[in-house]
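A short write-up of the structure that comes next.
Proteins come first, then strands; the chains are lettered A, B, ... in the order of their sequence lines, and each starts at number 1.
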Protein chains: 4
Amino acid sequence: MSGKGKSLELVPTKERIARVAVRLFSKKGFKGTTIKDIAGEVGITEGAIYRHFSSKEDIIRYLTRRITEELVDLIRREVLKERTFTGMVERLVEVLMDFAFKNPDSFRYLTVYHILREEIPQEDLPGRKILEIFRRAYEKGETDLLPEVALSLVIGSIDRLFILRELGVSVAEEDTLLREMKKAILRAFRGP
Amino acid sequence: MSGKGKSLELVPTKERIARVAVRLFSKKGFKGTTIKDIAGEVGITEGAIYRHFSSKEDIIRYLTRRITEELVDLIRREVLKERTFTGMVERLVEVLMDFAFKNPDSFRYLTVYHILREEIPQEDLPGRKILEIFRRAYEKGETDLLPEVALSLVIGSIDRLFILRELGVSVAEEDTLLREMKKAILRAFRGP
Amino acid sequence: MSGKGKSLELVPTKERIARVAVRLFSKKGFKGTTIKDIAGEVGITEGAIYRHFSSKEDIIRYLTRRITEELVDLIRREVLKERTFTGMVERLVEVLMDFAFKNPDSFRYLTVYHILREEIPQEDLPGRKILEIFRRAYEKGETDLLPEVALSLVIGSIDRLFILRELGVSVAEEDTLLREMKKAILRAFRGP
Amino acid sequence: MSGKGKSLELVPTKERIARVAVRLFSKKGFKGTTIKDIAGEVGITEGAIYRHFSSKEDIIRYLTRRITEELVDLIRREVLKERTFTGMVERLVEVLMDFAFKNPDSFRYLTVYHILREEIPQEDLPGRKILEIFRRAYEKGETDLLPEVALSLVIGSIDRLFILRELGVSVAEEDTLLREMKKAILRAFRGP
DNA sequence: TATGAATGAGCTTTCATTCAT
DNA sequence: TATGAATGAAAGCTCATTCAT
């Protein structure tokens with residue numbers, strides 16, 4: 001009855017709502033996405049949403065926590081284990097881009113969240129975690145890039161690349177993009 | 001009442017609406033900003049807005065065209081005149097960051113527009129202009145960075161830096177940020 | 001709660017909206033009737049209207065089609081089956097006046113629609129159907145009245161009689177009015 | 001400088017407003033016509049209207065009184081002087097149709113006024129005057145048509161004919177229409 | 001007289017949320 | 001769990017009217 005990924009109908013409704021919501025929020029913003037929009041794409045009625053989430057705000061909180069945790073976990077598991085700083089940067093780009101290729105909506109969601117939300121609990125967001133990495137490296141003299149510049153460089157570049165990709169501006173293969181982005185970013189981190 | 005003075009009261013209402021609108025749109029998004037919000041901050045009633053703009057959509061069109069033209073003009077005048085590719089990249093970062101320091105709302109507005117708008121007449125946006133620069137350089141062998149990666153690197157990094165700045169994550173001086181960002185980006189463009 | 005009874009509460013909301021709307025539109029015009037007016041008389045809130053009709057325009061379209069179809073059907077079934085032209089005119093007056101006595105609001109609605117709407121899909125309106133009857137009779141020599149004069153005579157007279165009735169100018173019994181109107185109109189159609 | 005009807009610019013603004021207003025009111029109704037509509041077609045701004053009329057209501061009152069007086073005067077001068085009842089009916093049709101041919105907007109205006117206005121000072125309207133004629137004739141036995149039926153027949157038929165004419169349904173010449181309408185109506189009044 | 005900016009009330013419509021079924 | 005009708009607040013927009021110039 002369960003197995004791995006049977007038919008779409010077996011995905012629980014709450015999960016289907018979450019998937020649709022993250023896509024719509026990431027494309028149209030929070031106010032730009034209505035409960036009706038979400039319900040419509042899920043294939044249920046508006047009222048049904050409230051069986052799974054107590055409010056629109058609740059959906060946003062749920063998604064933000066979930067995406068953040070997933071990404072922070074990834075960084076913790078995949079990036080922090082690296083020995084060298086260069087290794088960490090390389091792995092960071094790989095992890096972020098891999099995440100973005102697999103979950104473009106979730107990746108975009110975080111950007112939209114950063115830009116549009118007025119009150120952001122910064123400590124919990126992935127950016128904070130990454131900033132810490134760069135801060136420590138900066139203090140230890142492993143890089144001469146200002147931590148916030150380093151963070152902007154990595155997150156901003158990748159983020160924008162995926163926007164361009166969705167706009168159809170970039171049509172390159174996934175592995176090409178990964179290789180090229182890694183090349184550019186690693187050079188920026190390399191000393192003068 | 002006071003000749004050709006430049007006191008704040010003499011700024012025409014349409015311009016005051018535009019300034020408030022660009023700030024609010026860039027912070028709360030298009031749907032997240034109401035006509036009432038705008039009117040309230042300008043100090044007029046909602047109805048008065050409609051003497052100057054025919055609709056909310058009209059305000060958005062006006063702002064987009066205006067900001068785009070200003071930035072495209074700047075790039076045309078300041079960046080394209082450079083002789084070397086490195087000179088162009090350097091000047092590009094300077095021009096963009098200078099624009100962003102002076103017009104943070106307008107700069108953010110463009111990002112928000114990119115992310116939230118569904119139908120974008122891409123040709124007209126500044127990014128398009130910059131992409132062309134990178135494309136030509138790539139074809140001439142002046143850089144080995146994929147054009148879309150180069151564009152993402154420059155625009156994305158700067159864009160994100162200003163988001164971090166507004167979130168209070170970065171508190172460095174303007175000229176420090178400019179110098180550091182230029183350093184990082186120029187390195188990325190330098191050959192291997 | 002009470003089986004298939006026909007108590008007023010069991011009339012579906014959409015139908016209740018339609019009935020109120022046809023009355024208000026026919027008395028105060030389209031712009032003169034507000035959604036709030038309609039909702040208020042139905043006993044629901046303005047927003048509830050939009051669960052049943054997508055817009056005010058949608059209500060107007062719905063009513064126009066419905067009333068038109070009913071009247072055209074009536075004419076088709078009751079008038080066209082008559083053998084003689086005189087019989088058709090007589091039956092036409094009966095059918096129209098009977099319809100107007102029973103559905104004064106619907107009858108008035110059509111008049112208001114004729115007068116106030118700018119773009120009318122004429123083919124669909126009952127008048128068109130009647131005009132055809134008169135045209136054919138005119139061509140066959142069954143009457144010497146110009147088709148448009150004949151149509152004006154029948155529709156215009158009846159229409160105006162009902163306006164006078166609602167203004168309180170005419171207080172005669174229904175069957176008196178029917179008899180007298182029939183007498184007048186039939187004479188007009190009779191040869192010289 | 002004055003003479004009889006020089007250039008259009010010499011028509012006083014108040015008169016130009018009145019002419020535009022009667023046309024718009026007669027086509028779009030009272031609520032459906034805005035001060036801006038009127039001002040726009042006159043070629044002045046909204047504020048300027050208020051130099052000539054104290055309110056929209058004032059324009060309506062002015063037009064109603066003016067059109068009514070003109071028509072009542074016409075009836076008094078042209079119809080009541082006839083010796084025979086048949087002569088009066090004939091002259092009435094002539095006068096009404098001539099008025100409608102020359103002032104289609106004013107003629108329509110009265111219809112719209114009858115239908116849409118909630119409070120009508122009936123005594124003053126032309127219909128009242130005509131009804132009196134038919135009442136007296138009915139009492140004297142000069143016609144066997146019920147006064148309200150007679151009134152509906154004359155006013156309603158002519159009214160509708162002009163609506164059809166504006167809708168493009170009738171394309172006959174003016175004198176043809178007059179002759180045919182007179183023929184039809186006179187027959188209706190003729191005894192059995 | 002006329003303009004044009006502004007007001008304030010009211011319009012149509014949207015939308016998050018509730019609730020009886 | 002889900003539906004669908006309804007609410008009520010707020011959105012975008014319109015419009016008669018006012019007023020300084």
Would you give the length of the straight line joining atom CD1 of I163(B) to atom CG of D159(A), rounded to the nearest 0.5 angstrom? 7.5 Å
Shortest non-hydrogen contact from P126(B) toward T68(B): CD-CG2, 3.7 Å
Apply salt bridge (charged side-chain N to carboxylate O under 4.0 Å, His left out) to E70(D) and list each qualifying residue two or more places apart in sequence or on a separate chain. none
Can you tell me which stems DNA chain E forms when a stem means 3 or more consecutive Watson-Crick or G-U pairs under 3.5 Å? E:2-21 with F:2-21
Over all heavy atoms of both residues, which pair between I115(A) and S26(B) is shortest? Give the atoms and the distance, please. CG2-O, 4.3 Å
What nitrogen or oxygen pairs link the protein and nucleotides 2-6 of chain E at under 3.5 Å?
{"unit_1": "dA2(E)", "atom_1": "OP1", "unit_2": "T13(D)", "atom_2": "OG1", "d": "3.3"}
{"unit_1": "dA2(E)", "atom_1": "OP2", "unit_2": "H52(D)", "atom_2": "NE2", "d": "2.7"}
{"unit_1": "dA2(E)", "atom_1": "N7", "unit_2": "R51(D)", "atom_2": "NE", "d": "3.3"}
{"unit_1": "dA2(E)", "atom_1": "N6", "unit_2": "R51(D)", "atom_2": "NH2", "d": "3.3"}
{"unit_1": "dT3(E)", "atom_1": "OP2", "unit_2": "T45(D)", "atom_2": "N", "d": "2.8"}
{"unit_1": "dT3(E)", "atom_1": "OP2", "unit_2": "T45(D)", "atom_2": "OG1", "d": "3.1"}
{"unit_1": "dA5(E)", "atom_1": "N7", "unit_2": "R51(B)", "atom_2": "NE", "d": "3.3"}
{"unit_1": "dA5(E)", "atom_1": "N7", "unit_2": "R51(B)", "atom_2": "NH1", "d": "3.4"}
{"unit_1": "dA6(E)", "atom_1": "OP1", "unit_2": "T13(B)", "atom_2": "OG1", "d": "2.9"}
{"unit_1": "dA6(E)", "atom_1": "OP2", "unit_2": "H52(B)", "atom_2": "NE2", "d": "2.7"}

Hits for salt bridge (charged side-chain N to carboxylate O under 4.0 Å, His left out) against E57(C), two or more places apart or cross-chain, chain-then-number order -> R117(C)
Salt bridge (Lys or Arg N to Asp or Glu O under 4.0 Å): which pairs involve residues 38-48 of chain D, sequence neighbours left out? R51(B)-E46(D), R23(D)-E41(D)
What pairs with T64(A) under side-chain hydrogen bond (donor to acceptor under 3.5 Å, both in side chains), at least two apart in sequence or on another chain? Y109(A)
Got a sec, which residues hit salt bridge (charged side-chain N to carboxylate O under 4.0 Å, His left out) with R61(D), two or more places apart in sequence or on another chain? D58(D)
Under the criterion side-chain contact (heavy atoms from CB on, under 4.5 Å), I'd like the reasoning laid out for T111(B) against T111(A): C-alpha separation, chi angles, the key distance, then a yes or no. CA-CA 10 Å; T111(B) 303; T111(A) 303; 5.9 Å; no
Does F53(D) have any ring pair (Phe, Tyr, Trp, His ring centres under 6.0 Å) partners at least two apart in sequence or in another chain, and if so, which? Y62(D)
For F162(B), check ring pair (Phe, Tyr, Trp, His ring centres under 6.0 Å) against everything at least two apart and list the hits. F101(B), F107(B)
Salt bridge (charged side-chain N to carboxylate O under 4.0 Å, His left out) with K28(D): which residues, sequence neighbours excluded? D37(D)
Which of residues 53-60 of chain C sit near DNA chain E, with a heavy atom under 4.0 Å from it? S55(C), K56(C)
Within residues 25-39 of chain D, which residues have any heavy atom lying less than 4.0 Å from an atom of DNA chain E? none
